[in-house]
Amino acid sequence: MFLQVLFRVLGSSDLWQSTLQFGALLLLPALGGVISERSGVVNIAMEGMMLTGAYAGVMVDLATHNVLLGVIGAIVAGGLMALVHAIVSINFKADQVVSGIAINIAALGLTNYLLFIQTQGQGVHSLTDNLRLPTLNLGPLANIPFLGPILFQQNIIVYVAVIILLAIQFLLFRTNIGLRIRAVGEHPQAADTAGINVRLIRYACVISSGMLAGLGGGFLSMGIAGIFNSNMTGGTGFIALAAMIFGKYTPVGTGLACLVFGLGEALSTRLQDTGFSPNLLSTLPYLLTLVALIGLVGRTVAPAADGIPYEPGTE
Amino acid sequence: MQETTMTAPVEESNALPAIEMRGINKAWPGVVASDNVNLLVQKGHIHALVGENGAGKSTLMNILYGVIKPDSGDILINGELTSIHGPRDAIRRGIGMVHQHFMLIPPLTVAENIVLGREPGGVSSTYNLKQAREDVLALSKQYGLPIDPDERIEKLSVGLQQRVEILKVLYRGADILILDEPTGVLTPQETFELFGVLRGLVKQGKTIIFITHKLREVLELSDAITVLRRGRNVGELVTKNTNQAEIARSMVGREVLLRVSKEPAKPGPVVLHLQDVHANSDRNLEALHGISFDVRAGEILGIAGVEGNGQSELIETVVGMRKVTSGQITLTCLVAGQPDKVSDITALGAKAVREAGVAHIPEDRRGSGLVLSDSIEDNMILGRQTSPQFSRGGFVLSLRAIAGWAKKLVGEFDVRTASAESAAGSLSGGNQQKIIIARELSSDPAMLVAAQPTRGVDIGAIEFIHRRLIEQRDAGKAILLISAELEEIRSLSDRIAVMYEGKIVDIVSPETTEEELGILMTGGHAEERKA
């Protein structure tokens with residue numbers, strides 16, 4: 001009985017369409033994580049940066065009636081949260097995990113508070129269609145049976161995420177800047193003595209990670225949900241973190257990991273009308289995360305200097 | 001005063017010095033690292049900067065390289081007053097530094113490490129691997145330093161990693177190379193090769209500053225010597241007019257016994273006995289092919305050999321850190337007035353071997369000898385934290401007893417530190433080593449395994465450690481000594497076992513010459529002598 005349902009669900013293009021959508025939602029913050037940790041700064045605050053981005057995106061969108069400005073607002077908000085993380089962990093050399101936790105909690109409190117005072121406790125309304133991130137419909141391609149809706153009828157951000165994935169893969173492994181980022185994450189002392197500005201690179205990478213997480217948040221609120229709700233990210237940023245580790249800190253690996261987790265998320269939504277407990281089903285992506293981390297991928301080696309503040313003149 | 005260049009040495013009267021540092025001062029809170037220090041290095045010279053650990057050699061070079069900002073003083077490069085605000089500045093002025101702990105990134109390739117920070121095409125360009133490889137190959141050819149540009153650093157031997165460091169500096173166009181203790185981690189063969197490389201660089205017009213505390217190397221390689229002690233200039237010497245004793249005296253500030261003085265050994269009964277011991281390496285290949293020897297009470301048995309011929313595996317096997325695949329190791333503890341206690345330690349783990357009476361000075365002081373971030377006190381009792389002397393019921397530490405014990409040992413073993421509560425890692429190498437030696441000797445073992453006991457330690461501390469080892473021998477302990485320094489093996493040992501490819505090829509007397517030992521160590525046969 002269960003298997004029948006499962007097979008029916010697996011055979012529907014709906015499931016795969018939302019797999020890709022959830023995958024892209026995870027991918028943006030996960031890529032942020034990759035770029036930050038490659039430069040040697042642990043960033044577990046993607047959750048908070050996403051949430052801030054989701055909030056700021058909707059608010060700017062509503063205020064300006066311009067989705068593009070909303071997206072920019074989301075990116076800037078995420079970047080600002082990351083700036084805080086950068087200052088705390090690069091300049092003040094504080095513990096990066098503690099800073100990350102603090103930012104996550106602060107982001108939740110801050111967005112709840114701002115939402116409350118801005119809407120007098122009413123909450124925001126759903127965005128009208130013209131204020132949402134559009135779903136592209138690539139003409140005849142979208143009409144291909146099964147594959148059409150999956151590949152060619154997605155939200156614009158899904159395509160943007162894929163382009164960013166390829167861009168970051170190229171940046172990290174095919175450009176001189178990428179070489180420098182990896183060097184800084186592995187051995188900042190060596191990079192410094194080679195004349196590389198360690199601090200500048202770490203700042204740039206951490207802020208970029210926040211911008212990506214912010215864009216992810218904007219995608220969630222302005223694209224998928226069409227509304228901002230309190231704590232609407234609900235752990236997405238943490239699953240993205242797991243996807244980054246699962247993907248061994250490479251953009252392409254992380255992309256594949258996001259697809260796996262995206263499938264978990266999509267399955268848990270699609271199976272809900274089949275009589276399973278929705279509460280139980282919603283744990284599916286997280287269970288999948290645990291299983292993945294236990295050893296499906298073997299040992300993942302983080303960049304050697306990940307999480308260690310750089311102190312010039314030390315060895 | 002008249003402007004004049006007459007002060008320059010006669011041989012290069014009209015060449016400006018490559019480096020001149022004048023009146024350099026640098027103080028840290030509580031320590032004066034550099035007190036009005038001067039340094040004059042002639043172009044095309046190999047200039048040795050010597051001094052004990054903490055004499056201020058590295059501080060001075062870090063100032064020259066722009067890593068540390070001096071409180072006052074002038075730096076002249078090729079006669080021109082310069083201010084250096086960081087390594088980038090130093091590199092631009094043609095100064096390159098080969099650090100003691102290599103500044104290489106293990107997962108990246110040789111070519112990537114060399115071009116890093118100065119990649120072909122500049123920062124905004126895509127990564128041009130082909131050009132990087134070509135540049136590295138050209139450089140390697142120009143200076144006669146062969147290297148595979150595509151190999152990852154983590155796969156290279158220490159000697160080759162150092163070669164990459166030198167190439168990295170040359171790639172940045174350095175004319176003046178600073179080498180910080182370059183031979184500390186090298187085998188004798190690698191050291192020999194390095195010296196050839198350095199002489200070749202000087203022929204091509206480079207100037208070299210060489211930081212070291214190994215006197216033999218100073219005499220062998222340098223043209224001129226600057227000696228520092230406690231942050232001050234204490235000697236300017238011309239190498240060809242000086243000798244080891246003079247350099248040592250000015251480094252330490254008193255006469256130093258370079259050669260260990262000792263009475264002939266009075267060997268007692270056998271304490272450690274190895275019978276046809278086999279063991280595997282980390283890569284699961286057999287590393288020890290049937291080792292048999294005895295160490296007697298009151299003697300030092302030295303193991304000589306080129307590094308990587310099974311010495312590390314042998315030590316680990318004896319102290320219980322490596323599994324014996326076949327053969328037997330027995331330990332006999334001699335206690336006056338009691339029957340000898342013979343124990344089979346073949347299959348015991350490190351803790352049990354230690355409890356049976358074997359103390360161990362490990363070869364990797366930072367990795368397995370000390371917990372660097374812990375206090376000296378904690379390190380002094382490491383391994384004995386559950387003994388009734390230091391804990392109640394093996395569970396709650398008796399902090400007062402530990403502090404008292406550590407204080408006593410710090411005094412007895414002359415560990416130079418402000419407080420026994422300081423982290424072990426904050427001390428110099430020699431003082432770190434003294435902590436280990438204090439801990440190991442104070443456990444009153446029957447048998448002492450001493451691996452590289454003076455590696456990276458300055459001459460004052462070497463003298464001290466050697467004296468302690470001889471004292472232990474004279475007190476009737478059995479000592480197994482492993483060292484990469486042939487001179488150390490020859491001066492301390494009462495018998496020398498030569499290891500080659502996982503076997504003891506011969507056991508000879510310490511009078512055997514270095515040449516003969518060298519032949520044995522590389523698999524040749526010494527026909528005549530047998531001890």
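Values below: all heavy atoms of this structure, side chains included; hydrogens, waters and symmetry mates excluded. Below, chains carry the letters A, B, ... as their sequence lines are ordered, and counting in each starts from 1.
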Are the side chain of A/Asn176 and the backbone N or O of B/Ser124 linked by a donor-acceptor pair below 3.5 Å?
->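 Not a single qualifying donor-acceptor pair exists.
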Using non-hydrogen atoms and a 4.5 Å limit, figure out which bit of B/Arg118 sits close to chain A: side chain, backbone, both or neither.
->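 Contact with chain A is through the backbone of B/Arg118 alone.
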Contacting moiety of B/Phe102, where chain A heavy atoms sit under 4.5 Å |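 For B/Phe102, the backbone is the part near chain A, not the side chain.
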Determine whether [X] and [Y] make a side-chain contact, defined as any pair of heavy atoms from C-beta on separated by less than 4.5 Å.
{"X": "B/Met103", "Y": "A/Asp192", "result": "no"}
{"X": "B/Leu116", "Y": "A/Leu179", "result": "yes"}
{"X": "A/Gln189", "Y": "B/His101", "result": "no"}

Taking everything shown except A/Lys93 itself, do over 12 heavy atoms lie less than 6.0 Å from its NZ?
->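 Counting neighbours around NZ of A/Lys93, more than 12 heavy atoms of other residues, nucleotides or ligands fall under 6.0 Å, so yes.
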Heavy atoms from other residues, nucleotides or ligands near CD1 of A/Ile156 exceed 12 (cutoff 6.0 Å) =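 12 or below, so no.
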From CA spacing to verdict: side-chain contact (heavy atoms from CB on, under 4.5 Å), A/Thr193, B/His99 = CA-CA 10 Å; A/Thr193 53; B/His99 296 263; 3.6 Å; yes
Residues in residues 104-114 of chain B near chain A [non-hydrogen atoms, under 4.5 Å] =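 Against chain A, the residues of residues 104-114 of chain B that fall inside the cut-off (heavy atoms, under 4.5 Å) are B/Leu104, B/Ile105, B/Pro107, B/Leu108, B/Glu112.
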Chain B contacts, top residue of A/Ala304, A/Ala183, A/Gly178 (heavy-atom pairs, under 4.5 Å) |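 The residue among A/Ala304, A/Ala183, A/Gly178 with the greatest pair count is A/Ala183.
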So which heavy atom on [X] is nearest to which on [Y], and how close?
{"X": "B/Tyr127", "Y": "A/Phe173", "result": "CD2-O, 4.2 Å"}
{"X": "B/Arg88", "Y": "A/Gly195", "result": "CD-O, 3.4 Å"}
{"X": "A/Arg180", "Y": "B/Glu119", "result": "NH2-OE1, 2.7 Å"}

Under a 4.5 Å heavy-atom cut-off, does chain B meet the side chain of A/Phe170, its backbone, both or neither?
->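 When you check distances to chain B, only side chain atoms of A/Phe170 fall under 4.5 Å.
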